[in-house]
Amino acid sequence: MAAFTAHSSAATSHHSPAGTAAILLRSRSRPYSTSRVSCSSAAADKNKTVVIGLAADSGCGKSTFVRRLAGVLGGGGGAAPPARGSGNFFPGSNTLVVGDAATVVCLDDYHSLDRAGRKARGLTALDPRANDFDLMYEQVRALKEGRAVDKPVYNHFTGRLDPPERVAPPKILVIEGLHPMYDERVRDLLDFSIYLDISDEVKFAWKIQRDMAERGHSLESIKASIDARKPDFEAYTRRSSTRTR
Ligand SMILES: Nc1ncnc2c1ncn2[C@@H]1O[C@H](COP(=O)(O)OP(=O)(O)OP(=O)(O)O)[C@@H](O)[C@H]1O
Ligand SMILES: O=C(CO)[C@H](O)[C@H](O)COP(=O)(O)O
């Protein structure tokens with residue numbers, strides 16, 4: 001039986017104070033309001049794929065966190081694999097494969113509306129109408145049941161959907177993104193849930209430097225995007241990620 005230690009003060013408040021970052025963990029059988037979390041009986045069965053959901057807003061360190069986790073799980077003797085676009089990632093993909101130990105799927109790949117489509121309809125990427133939860137559920141369930149899937153790929157450089165990629169069922173499947181806990185069907189497939197609770201101050205600093213350095217956005221456009229996303233983040237990501245069952 002595995003156990004993890006969570007940041008207990010944030011687990012109680014469900015909201016990080018200014019300038020802080022915390023991790024909330026929960027298992028299928030235990031809510032966030034505990035500082036130690038045990039794995040579900042399904043997760044303890046070594047023949048079953050364990051599914052971990054990792055939720056946070058854009059720029060809150062999901063990719064950074066899973067790369068460190070991947071290092072622990074076997075992706076290079078404890079060292080974190082390199083960032084997207086190289087190393088253990090498929091070329092032109094958001095999927096991180098850690099040998100035969102784990103696969104990390106980015107849920108941005110289930111955006112049903114591309115960047116132009118969202119702009120035309122005045123929706124953010126957090127809006128459920130911009131995401132295909134039916135396909136997310138079908139494919140996460142298939143992987144959990146040991147079947148490979150042809151998953152769409154969202155290209156953050158072009159803002160469009162690229163041709164699908166084949167993903168094989170791993171021993172540990174991590175699904176990271178804005179909505180691993182929004183859809184009840186997907187939520188029910190999770191053995192562990194992790195929410196990175198990052199204060200606005202830290203999140204905006206991380207997002208601004210990353211989006212300017214790596215995604216070619218201007219400071220003004222990032223600030224506008226941050227403001228536009230706030231209500232949807234509260235409604236669709238924070239609320240679903242911090243709910244107690
Ligand atoms: N623990 C950390 N300490 C310091 N900086 C961090 C940490 N985690 C992330 N960052 C910084 O924040 C930036 C955004 O992190 P990352 O790309 O992992 O976020 P993300 O949640 O995956 O974003 P997105 O969903 O938009 O792809 C990184 O470029 C990194 O500089
Ligand atoms: O929230 C996000 C990632 O978690 C992104 O904003 C979303 O995926 C849209 O990406 P882009 O701005 O590159 O079109």
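All of these numbers come straight from a predicted model, not from anything done at the bench. Side chains included, hydrogens not; waters and symmetry mates left out as well; all remaining heavy atoms used. In each ligand, atom 1 is the first atom listed, and ligand 1 is the first ligand listed.
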Atom CZ of residue position Arg239 - does it have more than 12 heavy atoms of other residues, nucleotides or ligands inside 6.0 Å? no

When you compare ligand 1 with Asp108, is there at least one nitrogen or oxygen pair between them that comes in under 3.5 angstrom? no

Tightest non-hydrogen contact, residues Ser112 and Leu161, listed as O-CD1, 4.4 Å

Please round to the nearest 0.5 Å and tell me the distance separating atom CG of Asp127 and atom CG of Asp232. 5.5 Å

Hey, is Arg118 touching ligand 2 through its side chain, its backbone, both or neither, going by heavy atoms under 4.0 Å? side chain

Mutual orientation of the aromatic rings belonging to His179 and Phe133 [parallel < 30°, tilted 30-60°, perpendicular > 60°]: perpendicular

For ligand 2, which atoms sit closer than 4.0 Å to a heavy atom of Ala125? 7 (C), 9 (C)

Would you call Asp114 and Arg160 a salt bridge, taking side-chain N to carboxylate O under 4.0 Å as the test? no

Where ligand 1 meets Gly61 - atom numbers and elements under 4.0 angstrom, heavy-atom basis: 8 (N), 9 (C), 15 (O), 16 (P), 18 (O), 19 (O), 20 (P), 21 (O)

Ligand 1 atoms nearer than 4.0 angstrom to some heavy atom of Asp57 are 21 (O)

What is the nearest protein non-hydrogen atom to atom 1 (O) of ligand 2, stated with its residue, atom name and distance? Arg229 NH2, 2.7 Å

Applying a strict 4.0 Å limit to heavy atoms, is Tyr154 in contact with ligand 2? yes

If you look at every heavy atom in Tyr137 and Arg185, which pair is closest and at what distance? CD1-CB, 3.4 Å

Write out the residue and atom name of the closest protein heavy atom to atom 8 (O) of ligand 2, then the distance separating them to 0.1 Å. His111 NE2, 2.6 Å

For atom 13 (O) of ligand 2, what is the closest protein heavy atom, and at what distance to 0.1 Å? His156 ND1, 2.8 Å

Side chains of Leu173 and Val105, heavy atoms from C-beta outward: is any pair under 4.5 Å? yes

Considering only heavy atoms, which of Gln209, Arg210, Arg68 lies nearest to atom 31 (O) of ligand 1? Gln209

Of the backbone atoms (N, CA, C, O) and the side-chain heavy atoms from C-beta on, which set of Leu178 has a member under 4.0 Å from an atom of ligand 2: side chain, backbone, both, or neither? side chain

Atom 3 (C) of ligand 2 has as its nearest protein heavy atom Asp108 OD2, 3.1 Å

When you compare ligand 1 with Lys62, is there at least one nitrogen or oxygen pair between them that comes in under 3.5 angstrom? yes

Quick one about Lys171 and Thr49 (side-chain donor to acceptor, distance below 3.5 Å, no hydrogens or angles considered), yes or no? no

Note: Arg238-Asp57 ion pair, threshold 4.0 Å (strictly below): no

Check contact between Cys60 and ligand 1, using heavy atoms of the residue and a distance below 4.0 angstrom. yes

